[in-house]
Number of protein chains: 2
Amino acid sequence: MPTSTVEQYIKTIYQQEERCAQDIVQMKQLSEAMGVTPGTATAMVKHLAERKLIRYEPRKGVRLTAGGRELALLMVRRHRLIETFLENVLGYDLSEVHEDAEKLEHAVSDKFIERIDAYLGFPPADPHGDPIPSAEGHIARRDSVPLDHCETGDTIRVARLRNDDPAFLLLMKEQHLTPGEAFVVIDKNETAGTMTVRHDARSRGPITPFTISMGNSSRIMVEPTGTK
Amino acid sequence: MPTSTVEQYIKTIYQQEERCAQDIVQMKQLSEAMGVTPGTATAMVKHLAERKLIRYEPRKGVRLTAGGRELALLMVRRHRLIETFLENVLGYDLSEVHEDAEKLEHAVSDKFIERIDAYLGFPPADPHGDPIPSAEGHIARRDSVPLDHCETGDTIRVARLRNDDPAFLLLMKEQHLTPGEAFVVIDKNETAGTMTVRHDARSRGPITPFTISMGNSSRIMVEPTGTK
DNA sequence: CTGTACTTTTTGATTAATCAAAATAAAACC
DNA sequence: GGTTTTATTTTGATTAATCAAAAAGTACAG
């Protein structure tokens, strides 16, 4: 039985592989994501390699083994189901769910998770729009792209918000930039490093344009719904 | 912020004070209840005393300070609300709630607990019949007595089951010996160390008599409803 | 190819929680 | 009242996770 620290490292390695589309995660990246000193990460990584959860290539980085990926997906499942429960049932705000889920995911039993899943009606995705892995570790692939890959005139729908920062999530909520909402890209200014979008005329949101930095827009995953 | 181990020791000391109606808890009692060696308990107790959560009298035992009691009641509140949630909402069996609650109570936030409380409609007691302390640490006193203090002919109502052993709880459930049920004591055999009860004629349970050991009956708290 | 900057690993220490076993104190027993 | 039993404390060691700071390796800029 892995400790909750081990679970957290494995989940973090998975997330770094995913988010940065890398097959290997460097120590600096891992130690920063975990909020520990590099030496600590090195020590832990050796331990994880012994447990056969990752493959460790000294001075290069780490990658998950099949067993590690399985554990990571289990943790992601727990996290996303808990977040969904906190929002849908207990009325948490989207910006508040992450913190509590992060603690709970290491304390819940399999039984608890399966009961929550059933109670929620087996939701396919969490409130951020991220797909929830099945109990067997299958996860739906979605062909969404970061908003900053879109061009002026593209019509899109928000798929997921790939950022746990409460302030960011609050801002997105205020602008109704939440999963499912339809938008049009009305400007992309590479020089200024900003993008401007407004709600699709047919959607119920405000039509006031909203400008965001490229950095933030890379955390907003969208599905193209056509190009004007 | 106390670690979950500290929380567990404080809760255990509170429970030992309560269950055994003692004002001081010996080290042996504490170490056994915690499932650690006596030396470990001594070391921890010194630490708890430094944190002003208990008063430690070497070679005598420990007792909670006001601050310790406050923390203990907070933990009891968490435990009982979580148990209630697991049974009422997620459909856990009474014999299964304890184990999961024991882990969760150290991982939940105050916000989570207050939301659960509201979701459950501010229940006064958990599924064992134990009163749930308020957020301010007030707990309802109940004038219940252990079943083994009753005499033949007493009519009683089950108030709480003061035992977390799943097998015991399952047995009680099978016999409908659950909080709220009305019974008559039809025999008390001090020599054999057993007591026999049957459901009150007016109640919906079976009228087949049921015999239990004195040991077990001391864990069944009842409220007298009159003496024939 | 050489030096500076950056990343990674190593080393030595620390904290929380634990155990086993020896030492000590208190209680109980005849 | 001395002996035995039982409870408690002490001591020394261990494990998991961490940090700070020194050492070692890698990268690339000129």
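Values below: all heavy atoms of this structure, side chains included; hydrogens, waters and symmetry mates excluded. Proteins get letters first, then strands, A, B, ... in listed order; numbering begins at 1 in each.
- Between the CE atom of A:Met1 and the P atom of D:dA16 there is a distance of 12 Å, rounded to whole Å.
- Relative to the ring axis of B:Tyr56, B:Lys46 does not place its NZ or CZ within 45° and under 6.0 Å from the centre.
- Distances from the side chain of B:Thr37 to the nucleotides D:dT18, C:dA20, C:dT8 place C:dA20 closest.
- Each of A:Gly39 and B:Lys60 has a nearest nucleotide on DNA chain D; the 5'-most of these lies closest to B:Lys60.
- For B:Thr42, taking side-chain heavy atoms from C-beta onward, the closest of the listed nucleotides C:dT8, D:dC19, D:dT8 is D:dT8.
- Atom CE in B:Met27 sits roughly 13 Å away from atom P in C:dT18 (whole-Å rounding).
- OP1 and OP2 of D:dA16 both lie 4.0 Å or more from every side-chain N or O belonging to A:Tyr9.
- The side chain of B:Ala43 has C:dT18 as its nearest neighbour among C:dT18, D:dT26, D:dC19.
- B:Lys46 has a side-chain polar atom (N or O) that falls below the 4.0 Å cut-off from OP1 or OP2 of D:dT10.
- The CG-P distance, from A:Leu48 to D:dA16, rounds to 12 Å in whole Å.
- Rounded to an integer number of Å, the gap from NZ of B:Lys28 to P of D:dA7 is 4 Å.
- Nucleotide D:dT9 holds its C1' atom 5 Å from the CZ atom of B:Arg59, rounded to whole Å.
- Comparing D:dT8, C:dT9, C:dA17 against the side chain of B:Pro38 picks out D:dT8 as the nearest.
- When rounded to the nearest whole Å, the span between NE2 of B:His47 and C1' of C:dT15 equals 10 Å.
- Ranking C:dA17, C:dT9, D:dA7 by closeness to the A:Tyr56 side chain, first place goes to C:dT9.
- A cation-pi arrangement is present between B:Arg115 and A:Tyr92 under the rule of less than 6.0 angstrom and at most 45 degrees off the ring axis.
- When distances run from any side-chain atom of A:Met44 to the nucleotides C:dA26, D:dT18, C:dT18, the shortest one goes to D:dT18.
- Side chains of B:Gln16 and B:Gln26: a donor-acceptor N/O pair is absent below 3.5 angstrom, by distance only.
- Side-chain proximity of A:Thr3 to the nucleotides D:dA16, C:dT7, D:dC19 is greatest for D:dA16.
- Looking at heavy-atom distances under 4.0 Å, A:Ser31 makes no contact with the nucleic acid at all.
- Contacts of A:Thr5 with the nucleic acid, taken as non-hydrogen atoms under 4.0 Å apart, involve only primed sugar atoms and P, OP1 or OP2.
- Spacing between atom CD of A:Gln26 and atom P of D:dT26 amounts to 15 Å, rounded to whole angstrom units.
- The existence of a salt bridge linking B:Arg63 and B:Glu17 is excluded, since no basic side-chain nitrogen approaches an acidic carboxylate oxygen closer than 4.0 Å.
- In this entry the distance linking CD of A:Glu32 with C1' of C:dC6 reads 12 Å, nearest Å.
- Between C:dC19 and B:Thr40, a contact under 4.0 Å exists linking OP1 or OP2 to a side-chain N or O.
- If you check C:dT8, D:dT9, C:dT9 against the side chain of A:Pro58, the one that comes closest is C:dT9.
- Between A:Met34 and B:Gln29, the residue anchored closer to the 5' end of DNA chain D is B:Gln29, taking for each the nucleotide with the nearest heavy atom.
- Checking each of A:Arg141, A:Arg160, A:Arg69 against A:Glu18 for a salt bridge (charged side-chain N to carboxylate O under 4.0 Å, His left out) leaves exactly one that passes, namely A:Arg141.
- For A:Arg51, the CZ atom is densely surrounded, since the number of other residues' heavy atoms within 6.0 Å is greater than 12.
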